[in-house]
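One structure is given below, encoded as structure tokens.
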Amino acid sequence: MIRIALRTLRHHRTGFLASFIALFFGAAIVVGCGGLLQSALKSTAQPERLAAAPIVVSADQRYLGTQSEEPFIERVPVDAELAKKLKSVEGVGAAVPDVSFPAALASGDGKQAAAKVTGHGWSSAKLTPYRVSSGAAPSGPGQVVLDERLAGQAGLKPGDRVRLLVGGGAQNFEVSGLARGDGGSGSVFLSDARAAELSARPGKADVIGVFPASGADAGQVAKAVEKALGTPAFTVLTGSERGRAENPDIVSGGDDLVALAAAFGGLAAMVTVFVVASTLGLSIQQRQREMALLRAIGATPGQLRRLILGETLLLTVIAAGLACALGPQFGRMLLDAFASAGVVPDSMEFHAGSLPLIAGASTALITAVGAAFIAARGPARTRPTEALSEAGLERRWFSWPRVVLAVLCLGGGAALAVVTAGMDGPKAAGAATPAAMVWTAGFGLLGPVLTRAMTAGLFRPVSALSGLSGRLATLNSKARTARFAGAVMPVMLATGLAIALIYMQTTNSRGAERAFDDSLRADLAVTSDAGGLPLDMVDTVQKQKGVAAASAQVSSIGYVEPRTPVEPTADSGEGAADPPEMALAGVTPEGITKTTAFRATEGSLGALRGKTVALPTRYTDGHKVGDMVPMRLGDGSRVSLKLVATVKGERGYETALLPAAFLAQHTDSGLIPRIMVTAEPGTDRAELTATLDALSEQQPGLRVTSRDTLAAAQAEQDDTQAWMAYLVLGVVVGYAVIALVNTQALATTERRREFMLQRLIGATRRQVMQMMAMEAALVALAGIVLGSIVAALTLVPLSMSVLGTATPEGSPWIFAVVVGAAFALTLATTLISALTVLRNRPVEAVGVRE
């Protein structure tokens with residue numbers, strides 16, 4: 001039977017090619033998404049600025065002791081004095097703390113945007129290493145060393161004066177020297193004392209670079225350092241792991257990528273299962289006459305199973321092997337695309353280990369063998385004396401196990417719909433995405449029943465409108481229910497996924513946009529090229545003519561801790577606490593009610609001074625106004641804040657309010673990113689903008705932007721997040737489209753004998769083509785209707801959660817384009833395949849194939 005299986009490959013090229021395409025692309029996508037997931041879990045990057053330090057010590061960016069261990073949004077600092085302790089560890093030759101702060105190199109005329117740079121203390125130059133190429137190191141608070149590439153771009157040399165926008169103001173420095181190194185061209189170095197003064201967190205350092213003593217083994221020294229620290233709150237990094245300390249965004253970006261890669265990797269695997277099972281099943285169904293003949297001449301059920309399984313295994317091994325070779329390249333392309341869009345850091349490394357390869361090959365192998373085994377049951381169970389009659393007419397096109405599985409899938413879809421509708425808006429897509437696939441699987445299992453019912457309902461209208469060709473098309477679909485359902489399912493899959501996933505993104509984007517618009521009452525925003533503004537600038541802006549209110553706005557993310565403190569542990573486990581994450585906004589209470597939509601339901605927002613907080617009503621956790629609330633801020637700091645007010649917030653978009661002066665101390669810059677300004681009634685916006693622009697004389701780098709610009713910037717940020725989903729969505733939907741074309745071509749080209757018999761009894765090519773056009777229209781219509789139902793069942797709960805209405809957000813043209821594309825692809829593929837078959841002479845085709 002194995003020898004027969006090898007020989008049958010060349011006699012059923014179309015069916016095997018269709019199965020090979022489904023297996024290869026499915027496995028390649030799973031391998032690529034698996035590599036993306038593994039890269040996100042490892043989150044490594046080759047260091048640049050810290051390349052010379054074999055060992056790097058930093059604070060752990062994760063919220064240790066919790067279930068999810070989410071990363072903190074701000075850099076978690078370490079005590080600068082820790083360097084002295086590390087120097088005493090056996091085998092350590094030197095420990096160098098690194099302090100970084102944002103700055104900008106002012107242009108000569110002050111009108112052009114300043115060039116953003118990063119400041120450091122000179123002692124940390126050895127971490128790269130940087131070496132003075134001309135001039136000298138900074139010896140006083142008024143001197144600076146520039147990267148020679150940066151100096152070349154600005155036309156500066158030792159002895160020149162340069163103006164830096166730093167610490168919320170402008171300061172003049174003398175260029176004492178130029179440095180050469182590989183740590184990026186945007187570095188400037190001040191004296192250690194001056195850098196410590198300008199740092200947002202005095203007495204703290206970002207990281208500590210550790211150099212082993214001469215002759216000491218770096219690996220042994222790293223273990224000794226880890227033992228000396230004695231707490232999981234610190235991480236000791238070597239090799240490519242050092243990139244995480246250099247760029248904490250790798251940790252947060254990696255976590256975002258984990259969720260995306262896991263969700264769409266699972267979606268891709270489910271689509272692969274669906275497509276491969278459908279394609280293989282259809283391919284084997286079309287060989288019923290061959291199987292019947294084998295049974296009639298004495299082949300046993302076991303021999304038939306081995307024949308089908310042998311063919312499938314051979315095909316799967318070839319397809320999976322090719323997918324394992326090319327899948328990692330596909331995953332690397334996805335990661336590069338995310339990096340180019342700014343979604344993940346450029347330095348993040350791609351990892352394609354054995355697990356993604358095993359996952360992709362296993363998905364293809366298990367699905368293919370399972371589909372082949374199920375498809376082989378029918379021919380194998382048929383008695384030899386009934387085999388040919390069974391092949392001539394479909395009698396077993398449905399079964400009770402299929403009904404049970406369908407009911408389970410539909411029940412799972414209904415359960416996920418309830419869960420989706422009850423979730424917070426931003427998180428609802430996490431349940432809606434698998435719901436789409438569960439609904440699709442349920443309708444796919446019921447495909448023969450649903451398509452048979454739809455065909456019966458369309459018989460009379462189609463016959464009346466299209467005459468003989470339509471009558472033949474409907475009769476064909478009724479006579480070959482399983483074949484017709486196999487052709488409909490890929491159309492349903494492509495249509496349902498495209499409509500559901502695209503509208504899912506547009507609905508989520510609209511929810512975020514609406515939450516932003518509803519919370520904003522300001523007309524203008526004041527920002528700075530220096531990375532932020534000093535807090536006293538709020539009062540200066542408030543005093544300007546035409547300003548009704550001004551309030552600082554500092555953004556971060558924090559957590560409300562449970563009453564039992566969360567202690568950092570190396571392994572938190574499933575029973576650990578999971579504090580709710582929420583947005584934090586630092587404000588100045590004087591202007592908050594006129595610049596934002598926040599209103600106190602209890603207490604007073606005017607009391608937001610010192611260490612206080614106003615929490616959303618849903619997150620008070622039983623605390624009353626006046627109680628002390630334990631919280632974790634964006635830099636990992638544990639604080640206890642007095643609850644002075646509660647506020648309402650749109651579900652899923654709630655924000656906790658803190659005094660801007662306090663929250664800014666726990667951000668990377670330590671400054672006020674923007675000041676929101678509301679104009680007095682009747683004030684001309686252009687005049688007010690000019691008035692605020694004039695403040696740049698006393699506050700260099702100051703910029704004034706409009707409300708529309710703020711909304712556009714927020715929309716661009718949301719679009720960037722959605723772009724990640726759209727990219728992988730395009731891959732999954734693209735695979736579904738390939739399956740659609742693949743299946744329609746297979747379903748058509750394997751009907752050579754039928755078409756030639758029609759030609760022999762007098763049918764013309766045109767009549768056969770008309771019949772196939774009507775069949776393609778029926779397939780497309782059934783698939784589009786079922787796909788639209790799948791999309792509706794997915795989107796209505798999501799929209800209820802995100803927008804509070806059953807109607808999802810998005811242009812109706814999206815639906816029109818998806819439906820039109822599905823119809824056109826089905827029709828074009830069917831007609832092209834039929835036309836290819838009809839080029840053969842009827843007598844030759846029948847003789848050769850039979």
Side-chain angles (χ1 to χ4, degrees), residues 39 41-62 71 75-100 118-133 137 145 147 179-187 189 192 195 204-251 253-254 345-351 353 570:
S39 302
L41 290 172
K42 286 182 175 293
S43 294
T44 59
Q46 289 299 327
E48 294 179 359
R49 240 197 61 73
L50 305 176
I55 305 167
V56 175
V57 176
S58 70
D60 199 309
Q61 281 290 134
R62 299 184 181 278
R75 180 186 281 278
V76 180
V78 298
D79 195 331
E81 293 297 316
L82 181 63
K84 296 180 180 179
K85 177 181 179 180
L86 296 180
K87 286 180 183 178
S88 63
V89 175
E90 184 179 358
V92 173
V96 181
D98 179 37
V99 174
S100 303
T118 303
H120 305 275
W122 174 248
S123 65
S124 67
K126 66 176 67 175
L127 298 174
T128 304
Y130 272 98
R131 298 288 184 267
V132 174
S133 57
V145 169
D147 184 291
R180 179 179 301 162
D182 297 326
S185 62
S187 296
F189 297 92
D192 290 344
K204 301 291 184 179
D206 295 342
V207 298
I208 298 175
V210 177
F211 294 85
S214 178
D217 179 73
Q220 295 299 322
V221 173
K223 292 180 181 179
V225 168
E226 188 170 2
K227 183 178 180 180
L229 292 171
T231 171
F234 296 102
T235 58
V236 180
L237 307 173
T238 58
S240 59
E241 291 182 339
R242 293 172 295 167
R244 294 208 300 264
E246 185 172 306
N247 187 357
D249 288 343
I250 290 177
V251 178
D346 293 336
S347 55
M348 180 178 283
E349 293 182 320
F350 180 78
H351 293 273

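Note that the numbering runs from 1 along the sequence shown for the chain.
- Of all heavy-atom pairs between V96 and K126, the closest is CG2-CD, 3.6 Å.
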Fill in: Residues V221, V92; criterion side chain to side chain contact (heavy atoms under 4.5 Å, CB included); working and verdict
CA-CA 7 Å; V221 173; V92 173; 3.8 Å; yes
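- In terms of the side chain to side chain contact (heavy atoms under 4.5 Å, CB included) criterion, residue partners of A59 (sequence neighbours excluded) are, by chain and number, V76, V78.
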Which side-chain N or O atoms in residues 224-241 pair as donor and acceptor under 3.5 Å with protein atoms at least two apart or in another chain?
residue : atom : partner : partner atom : Å
T231    : OG1  : A233    : N            : 3.2
T235    : OG1  : S58     : O            : 3.3
T235    : OG1  : S58     : OG           : 3.1

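- E90 contributes atom CD, which lies 10.5 Å from atom CD of Q220 (distance to the nearest 0.5 angstrom).
- The minimum heavy-atom distance linking A95 with L86 is given by the pair CB-CB, 4.0 Å.
- Across all non-hydrogen atoms, the minimal contact from V145 to A179 is CG1-CB, 3.7 Å.
- Annotation: side chain to side chain contact (heavy atoms under 4.5 Å, CB included) contacts of D98 (sequence neighbours excluded): R49, S100, H120, S124, L127, V207.
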Worksheet item: Yes or no on side chain to side chain contact (heavy atoms under 4.5 Å, CB included) for F189 and V132, after CA distance, side-chain angles and deciding distance?
Response: CA-CA 11 Å; F189 297 92; V132 174; over 6 Å; no
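- The heavy-atom pair separating R242 from L50 by the smallest distance is NH1-O, 3.6 Å.
- Under the rule for a side-chain hydrogen bond (donor to acceptor under 3.5 Å, both in side chains), the partners of T44 that lie at least two apart in sequence or sit in another chain are E349, H351.
- The side-chain hydrogen bond (donor to acceptor under 3.5 Å, both in side chains) check on D192 picks up S123, with sequence neighbours excluded.
- Partners of E81 under the side-chain hydrogen bond (donor to acceptor under 3.5 Å, both in side chains) rule, at least two apart in sequence or in another chain, are K84.
- Minimum interatomic distance between A52 and F211 (heavy atoms only, all atoms of both residues): O-CE2, 3.2 Å.
- Counting only distance, with no hydrogens or angles, the side chain of R75 and the backbone of A245 share a donor-acceptor pair below 3.5 Å.
- Taking every heavy atom of both residues into account, S88 and K85 meet most closely at OG-O, 2.6 Å.
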